[in-house]
Trainee: 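Got a structure for you, written out below as structure tokens; questions coming shortly.
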Amino acid sequence: MIIVTGATGNVGRTLVRTLTEQGREVTAVSRRITASDVPHGVRPVPADLAQPAAGLPSADAVFLLVGGDLMMTGDPARVVAQFADAGKIVLLSSQGVATRPNSVSHGVAFAAFEQAVMESGIGWTILRPGGFASNSYAWAPSIKATRTAAAPFGEVGLPVIDPDDIAAVAVAALTQPGHTNAIYELTGPELTTPRQRAAAIADAIGEPVTFIDQTRQVARAQLLTFMPASVADTTLDILGAPTVHEQTVSPDVERILGRSPGTFADWAKRNAEIFR
């Protein structure tokens, strides 16, 4: 049996579906989850990993997602200890552990969970994705309303990754041999700029989308409405002045899956209805 935490998120939802289609027994865990959120046959378990997770069964493998409050304030050793009987843990971490090691939100917090997993005595695999293609969901309201998409640093490219590719790598790590005690860095196949991503969405929906190049100050003010200042500032640093490492396409997705990762244009076409 495989436990998937963060089961209703951009990665977890696809991961649960794929494992179920393979005939795997899956328990889907999220803070607020019901049977309507998961495929037939999957056991939904509402649980907060920051609290003792009564009701979580023993598992052969666990996909561990730590985000939000849990990442910033949770006790990594305590969280990991809840899965002490598992045969393997696949941790969704962040590229920032390598590229922004001094950033509390992007490096330090994730590194603490990586260390807890590595020291648990359980077999582990760590996934370190860069930026998600699905971050562009933030444009959906403005594209629907006014066919505009606003972002800072319109000409700066990053190799954003399709969350479905992260899920596919997680499936391999959870179910196939050869991935124990490995760290994989996951990126898309090419650098795309915000302006190019807006154009890809326009192509996907068959309507023109005007790109608005924001100043850093305007973008920061928007980010501060839903994230702490330190997180906003590091996020803007990555978007506006990425390191060479952050702009490098990793071969890990292709090596593990035997195919190239999906492009942003592929992702936009598959999600076009969200922007129409």
Side-chain angles (χ1 to χ4, degrees), residues 1-31 33 37-45 49 59-68 70-71 83 86-95 110 113-114 117 123-137 159-180 182-189 249-274:
M1 196 274 292
I2 298 173
I3 290 176
V4 176
T5 69
T8 58
N10 291 322
V11 176
R13 192 177 295 276
T14 298
L15 178 55
V16 168
R17 184 184 71 245
T18 304
L19 290 170
T20 303
E21 290 171 350
Q22 291 185 355
R24 310 279 179 177
E25 182 183 359
V26 178
T27 294
V29 178
S30 187
R31 285 184 178 179
I33 190 170
D37 295 316
V38 297
H40 177 72
V42 173
R43 177 187 175 189
V45 175
L49 295 184
D60 300 309
V62 175
F63 176 76
L64 180 57
L65 181 147
V66 289
L70 179 64
M71 181 185 70
F83 306 106
K88 185 170 191 180
I89 293 179
V90 176
L91 174 68
L92 185 61
S93 183
S94 168
Q95 185 187 55
F110 281 110
F113 277 93
E114 288 190 5
V117 168
W124 52 267
T125 306
I126 292 171
L127 310 182
R128 291 178 176 171
F132 285 27
S134 54
N135 290 342
S136 293
Y137 285 148
V160 297
I161 183 165
D162 186 330
D164 281 6
D165 284 331
I166 301 173
V169 172
V171 169
L174 288 163
T175 65
Q176 299 174 8
H179 302 289
T180 301
I183 298 174
Y184 298 133
E185 192 161 282
L186 309 180
T187 72
V249 172
S250 169
D252 286 348
V253 173
E254 184 166 5
R255 181 167 57 83
I256 295 163
L257 301 182
R259 61 166 175 80
S260 295
T263 65
F264 183 86
D266 295 332
W267 177 88
K269 289 174 184 176
R270 200 171 66 250
N271 292 278
E273 285 306 315
I274 294 172

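Quantities reported herein were computed from a predicted structural model and do not represent experimental measurements.
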Trainee: So which of Val66, Val169, Ile166, Leu15 actually passes side chain to side chain contact (heavy atoms under 4.5 Å, CB included) with Leu92?
Mentor: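 Checked Val66, Val169, Ile166, Leu15 against Leu92; only one passes side chain to side chain contact (heavy atoms under 4.5 Å, CB included): Ile166.
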Trainee: Locate the shortest heavy-atom distance separating Pro189 from Gly262; write the atom from each residue and the value.
Mentor: CD-O, 3.2 Å
Trainee: List the residues meeting salt bridge (Lys or Arg N to Asp or Glu O under 4.0 Å) with Glu185, not counting sequence neighbours, and say none if there are none.
Mentor: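 Glu185 satisfies salt bridge (Lys or Arg N to Asp or Glu O under 4.0 Å) with no other residue.
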Trainee: Which residue pairs satisfy the salt bridge (charged side-chain N to carboxylate O under 4.0 Å, His left out) criterion with at least one member in residues 168-177, sequence neighbours excluded?
Mentor: none
Trainee: Closest heavy-atom contact between Ala7 and Ser30?
Mentor: N-CB, 4.3 Å
Trainee: Holding to side chain to side chain donor-acceptor pair (under 3.5 Å), I want the full list of residues that pass it with Thr263, two or more places apart in sequence or in another chain.
Mentor: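 In terms of side chain to side chain donor-acceptor pair (under 3.5 Å), with neighbours along the sequence ignored, Thr263 is linked to Asp266.
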Trainee: Could you work out, with side chain to side chain donor-acceptor pair (under 3.5 Å) as the rule, every residue matching Thr125, not counting sequence neighbours?
Mentor: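 Side chain to side chain donor-acceptor pair (under 3.5 Å) check on Thr125 returns Lys88.
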Trainee: Can you sort out the partners of Thr175 under side-chain contact (heavy atoms from CB on, under 4.5 Å), two or more places apart, ordered by chain and number?
Mentor: Ile2, Leu19, Gln22, Arg24, Val171
Trainee: For the residue pair Val160 and Ala133, what are the closest heavy atoms and their distance?
Mentor: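 Nearest heavy atoms, Val160 then Ala133: CB-N, 4.0 Å.
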Trainee: If you look only at pairs with a residue in residues 162-175, which of them pass as a salt bridge (charged side-chain N to carboxylate O under 4.0 Å, His left out), with sequence neighbours excluded?
Mentor: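 Listed by first then second residue: Asp162-Arg270, Asp164-Arg270, Asp165-Arg259.
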Trainee: Going by side-chain contact (heavy atoms from CB on, under 4.5 Å), name the residues that satisfy it together with Pro39, two or more places apart in sequence or in a different chain.
Mentor: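 Pro39 satisfies side-chain contact (heavy atoms from CB on, under 4.5 Å) with Val16, Thr20, Val42 only.
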Trainee: Roughly how far, to the nearest 0.5 Å, is the CG atom of Leu174 from the CZ atom of Phe63?
Mentor: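 The distance works out to 7.5 Å.
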Trainee: I need the minimum non-hydrogen distance between Ser134 and Pro163, along with the two atoms involved.
Mentor: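 Nearest pair, atom of Ser134 first, then Pro163: OG-CG, 3.3 Å.
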Trainee: Arg13: what forms a side-chain contact (heavy atoms from CB on, under 4.5 Å) with it, not counting sequence neighbours?
Mentor: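 For Arg13 the side-chain contact (heavy atoms from CB on, under 4.5 Å) partners, ignoring immediate neighbours, are Thr8.
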Trainee: Can you tell me how far OG of Ser136 sits from CH2 of Trp267, rounded to the nearest 0.5 angstrom?
Mentor: 5.0 Å
Trainee: Give the C-alpha distance, both sets of side-chain angles, the deciding distance and a yes or no for side chain to side chain contact (heavy atoms under 4.5 Å, CB included) between Ile161 and Val253.
Mentor: CA-CA 10 Å; Ile161 183 165; Val253 173; 4.0 Å; yes
Trainee: Only counting residues at least two apart or in another chain, list the ones meeting ring pair (Phe, Tyr, Trp, His ring centres under 6.0 Å) with Tyr184.
Mentor: His179
Trainee: Any chance you could measure Ser94, atom OG, to Leu127, atom CG, to the nearest 0.5 Å?
Mentor: 11.5 Å
Trainee: Can you tell me how far apart CZ (Arg128) and OG (Ser250) are? Round to the nearest 0.5 Å.
Mentor: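 Here the interatomic distance stands at 11.5 Å.
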Trainee: Kindly write out the residues that satisfy side chain to side chain donor-acceptor pair (under 3.5 Å) with Gln176, not counting sequence neighbours, or none if the list is empty.
Mentor: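 Listed in chain order: nothing, the list is empty.
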Trainee: State which residues pass side chain to side chain donor-acceptor pair (under 3.5 Å) with Asp60; sequence neighbours excluded, sorted by chain then number.
Mentor: none
Trainee: Among all residues two or more places apart in sequence or in another chain, which pass the side-chain contact (heavy atoms from CB on, under 4.5 Å) test with Ile3?
Mentor: Met1, Thr5, Thr27, Val29, Pro57, Ala59, Val62, Phe83
Trainee: Nearest 0.5 angstrom please: Leu64 CG to Ile126 CD1, how far?
Mentor: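 Interatomic distance, Leu64 CG to Ile126 CD1, rounded to 0.5 Å: 10.5 Å.
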Trainee: How close do Pro159 and Val249 get, counting heavy atoms only, and between which atoms?
Mentor: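 That would be CB-CG2, 4.1 Å.
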Trainee: Hey, what do you get for CG (Leu186) to CD1 (Ile256), rounding to the nearest 0.5 Å?
Mentor: 6.5 Å
